[in-house]
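Written out below as structure tokens is the structure these notes cover.
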Amino acid sequence: YPRYQTVRAKKDLESNRGEKISKGMQGKLVDRVGKSNRATVRFTWGRQQEEAVVKIAGAPELEEDVEVYYSSEKERLRHRGNRLFVALLWSDPVSGRAQAGPSKRGAGSYFDEYITAEFLRLNKMK
């Protein structure tokens, strides 16, 4: 997701200072935490501002801590296209099924022979 992407808390969260951030509160992604699947979200209400670290799955339908909010359908589709491109660009093959899964880099994934064969079958390719 781009920096300053608008999100809403899907559940009550705890800020970095121990304050409660209520479900439904709106915030913005402000930074990624290293090379992890976590990001810092800044929630602002009134004059108060709190930050919380949340888990980011990389696809809006997979997010557990926050709901990704788009201002329009056009914006949602543009971001989806960008995510697909990044996932394709940063995905890598691995030799065993046990190694398949999300990439440690945070973008893309590791895939094995089974996933490759299934992709080819579904898309009627050889």
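Here the structure is a predicted model, which is why all the values come from computation and not from measurement. Both backbone and side-chain heavy atoms feed into the values below; hydrogens, waters and symmetry mates do not.
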Could you list the residues that satisfy side chain to side chain donor-acceptor pair (under 3.5 Å) with [X], not counting sequence neighbours?
{"X": "Lys23", "result": "none"}
{"X": "Arg47", "result": "none"}
{"X": "Lys10", "result": "none"}
{"X": "Glu51", "result": "Arg42"}

Could you list the donor-acceptor pairs under 3.5 angstrom formed between side-chain atoms of residues 119-126 and any protein atom two or more places apart in sequence or on another chain?
| residue | atom | partner | partner atom | Å |
| --- | --- | --- | --- | --- |
| Arg121 | NE | Glu118 | OE1 | 3.3 |
| Arg121 | NH2 | Glu118 | OE2 | 2.7 |
| Asn123 | ND2 | Phe119 | O | 2.9 |

Can you list the residues that meet the salt bridge (charged side-chain N to carboxylate O under 4.0 Å, His left out) rule with [X], with sequence neighbours excluded?
{"X": "Lys55", "answer": "none"}
{"X": "Glu63", "answer": "none"}
{"X": "Glu73", "answer": "Arg76"}

### Task
Output, in order, the C-alpha distance, side-chain angles, deciding distance and verdict of salt bridge (Lys or Arg N to Asp or Glu O under 4.0 Å) for Glu50 and Arg17.
CA-CA 8 Å; Glu50 292 289 339; Arg17 299 186 312 165; 2.4 Å; yes
### Query
Are Lys28 and Val7 close enough, and set up right, to give a side-chain contact (heavy atoms from CB on, under 4.5 Å), and what steps lead you there?
CA-CA 6 Å; Lys28 296 208 180 273; Val7 296; over 6 Å; no
### Message
Which residue in the set Thr40, Val33, Ile21, Asp65 passes side-chain contact (heavy atoms from CB on, under 4.5 Å) when paired with Val54?
### Response
Asp65
### Task
Please round to the nearest 0.5 Å and tell me the distance separating atom NZ of Lys20 and atom OG of Ser15.
12.5 Å
### Query
What pair of heavy atoms forms the shortest contact from Ile56 to Leu29, and how long is it?
CD1-CD2, 4.1 Å
### Message
Can you give me the closest heavy-atom contact between Tyr69 and Gln5, atom names plus distance?
### Response
O-NE2, 2.8 Å
## Note on the structure
Residues joined to Tyr4 in its hydrophobic cluster, side chain to side chain under 4.5 Å directly or through other members, sorted by chain and number, are Val30
### Task
Give every residue pair that meets the ring-ring contact (aromatic ring centres under 6.0 Å, His included) criterion with at least one member in residues 11-61, sequence neighbours excluded.
none
### Query
Within a reach of under 6.0 Å around CD of Glu64, are more than 12 heavy atoms found that belong to other residues, nucleotides or ligands?
no
### Query
Who pairs with Ser71 by side-chain contact (heavy atoms from CB on, under 4.5 Å), at least two apart in sequence or on another chain?
Glu75
### Task
List for me each residue that meets ring-ring contact (aromatic ring centres under 6.0 Å, His included) alongside Tyr70, sequence neighbours excluded, and say none if there are none.
His79
### Query
Does some side-chain heavy atom of Phe111 sit less than 4.5 Å from a side-chain heavy atom of Val94?
no
### Message
Please evaluate residues Ser91 and Tyr110 with respect to the criterion side-chain contact (heavy atoms from CB on, under 4.5 Å), reporting the C-alpha separation (whole Å), side-chain torsions for both, the decisive distance (0.1 Å), and the verdict.
### Response
CA-CA 6 Å; Ser91 291; Tyr110 297 115; over 6 Å; no
